[in-house]
Amino acid sequence: MPASAPPVVELDRVTFRWPGQSSDTVAIEELRIGRGEHLFVRGASGSGKTTLLNLLAGIHLPTTGNISLLGTDLAELSPSRRDRFRADHIGVIFQQFNLLPYLTMLENVTVSSAFARRTRQNTRELHENAQRLLTSLNLSDDLHASPVGELSVGQQQRVAVARALVAGPEILIADEPTSALDADNRDRFLDLLFRETESQNCTLVFVSHDPQLVSRFDHVIELAGRGDLV
Amino acid sequence: MTLLRLALKSARFRRTSLVLTVLSIAISVTLLLGVDVVRKEGKRSFLSTISQTDLIVGARSGPTNLLLYSVFHIGDATNNVSWGSYETIAARDDVAWTVPISLGDSHRGFRVMGTTPDYFEFYGYGNNKRLAFATGEAFDQVYDTVLGADVARDLGYEIGDEIIVSHGLVSTDFSSHDNKPFTVTGILDKTATPVDRTVLVSLAGIEAVHLDWQGGIREGLDLDADEALQFDLTPTSITAFMVGLDNKALTFRAQRDINEFENEPLSAILPGSTLAEFWRTISTVEQLLFVLSVFVLIAGLIGMLTTILSTLNERRREIAVLRAIGARPQSIVMLIVLETLFVVVMGCVVGVALLYGLLALAGPFAARRFGVDIGLPWLDATQGLIMVSVIAGATLLSLIPGFVAYRRSLQDGLSIKV
């Protein structure tokens, strides 16, 4: 990492403990990830992965320590500013993709417009971005208005990627997105994810318990048991 | 996409459970509005059944009973009034007019009432309205008859048609006065009173058909229609009679005099006050019904609350996704409030539609069975208020699942616990 470039994700002596519990769920001494880098977070279930994701997305605040994203200390933002920050700078891909079944493909990608006060200009840009992104992901125009329930797994993956990237986020968080996929689909999905994050120069935080994927990433952290960095 | 559209699309996706919720709200709204409409319409129709009549006189009985059989044609008189007593009272100085009525026969489910042509002049209903003829004119001959609007409509009669009157209130071949048919000379306008369901004939006509009957059984005489006219057709008794006084201020004195009539035990009632008094007895029931329907509504709202709370579990995934793309917890609460609002407004709309459907269906039945005319009125301020409070109450209640969702979305964040 060149010393001049500011890290996109910066964790400094971060701990998180649920109220009433005797030990930390997450404890990370230090973590810095630069622009466009790919981080693999490895951990078994119950190791605090999800809590870490909620911390990175600004849903939870650390009990001690600081988390800065793009130079902004999340703890200094009000809750609604943090929600806004997340909408603008962070994309999330879930396990099983979690498209909203009652929306069309295009609506799934542009649904964030329901929560933000946007000008008509912004809305049109969002729609244009969404269409461009979907088309570049090989989802042809005639599919855009179709309900997502009718899509194949591969198509659903791509819609989920498009939804996460449509706002042009600097950080993409993927939570076990490959756990339900077979080996072929998994590799293809990773190729897609790498290609798209590279083209947007987007930092990827990829969480998985699957050690086979480790070799493809720049950085690896491992969460063990209580979530300490090993 | 707006938040509202997102809420509607999501609701449509879960329509099965929501449709049932809408229905349960609709039914309770129908019930609540229905009770209110029926009591108002019932009261309006009931209290406007008779006006301008100062006293109704019949054989001694309770005021309500006399009112019900003489005006509403519900139930039967315990006894008759002799013609002599009627003539004595009719001749009193303070009496302006009297109209005798004689009940007991029927025609295909409709009551037959013997009276005099004065009935058409003096019977008043509603806000001082009088009977009017849609076609034809009052009866003149012994075998003439005038039909109420519903009788003519339901049985398809026109001027000149002949009808057979049955003895008593049950129509059988055995008990019909089939040797003395009546000819329709007039059909009345609709009045929304029991008159609409009445067949009106002259007192002489009633006498004529009963000449060859004794105590409910046909005697051997078997007179035909023309032969009967040879007899004296002045009745020996009548069921009741209506009285109009010259000076309304003396009504109570006339009433007391009649109640103390020496020749025969009689009861005189003031129709207006008896109607009002009777309505007051009924209104206890009506208030009870209203309270019951409020409870039904509360049950409906709790059912809605249960449904929405239980959908929160299946919506965890959805809520996490929305949080991830930047939805604030307040927006999640808003989604749930909007959905509830949608459900309860739909419930009100369906409920009102159901109400009008039921009123249209049940109206004729209520008219026939109870003599109460229930129209299709526009919803009034009270009913509007009822619906506004239903909607406001439901919205307030939706803050409970809203709050649960709020707490959860803060706690769960992006993690999806299914």
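Sequence lines set the chain letters: A, B, ... in the order given, protein chains first and strands last, and positions in each chain run from 1. Computed from a predicted model, the values in this text were never measured in an experiment.
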Exercise. Picking from B/L6, B/T2, B/L4, which has the most non-hydrogen pairs under 4.5 angstrom with chain A?
Worked result: B/L6

Problem set entry | Side-chain heavy-atom pair B/P329, A/D83 within 4.5 angstrom cut-off | yes

Seminar exercise, completed: Note: A/F94 and B/A320 closest approach over all heavy atoms is CZ-O, 3.7 Å

Problem set entry | Side chain, backbone, both or neither of A/I173 within contact of chain B (heavy atoms, under 4.5 Å) | neither

Seminar exercise, completed: The interface call for B/S10 against chain A, heavy-atom contacts under 4.5 Å, is both

Seminar exercise, completed: side chain to side chain contact (heavy atoms under 4.5 Å, CB included) test vs A/Y102 passes for just one of B/R12, B/E318, B/R14, namely B/E318

For this session: Could you look at A/S80 and say if it's the side chain, the backbone, both or neither that has a heavy atom under 4.5 Å from chain B?
Result: both

Exercise. Quick one: does A/R163's side chain have a donor or acceptor within less than 3.5 Å of a partner on B/I325's backbone?
Worked result: no

Problem set entry | Region of A/H60 in contact with chain B, defined by heavy-atom distances below 4.5 Å | side chain

For this session: Quick one: pull up NZ in B/K9 and OG1 in A/T104 and give me the separation to the nearest 0.5 Å.
Result: 6.0 Å

Exercise. Given a strict heavy-atom distance threshold of 4.5 Å, which part of A/P101 is in contact with chain B: side chain, backbone, both, or neither?
Worked result: both

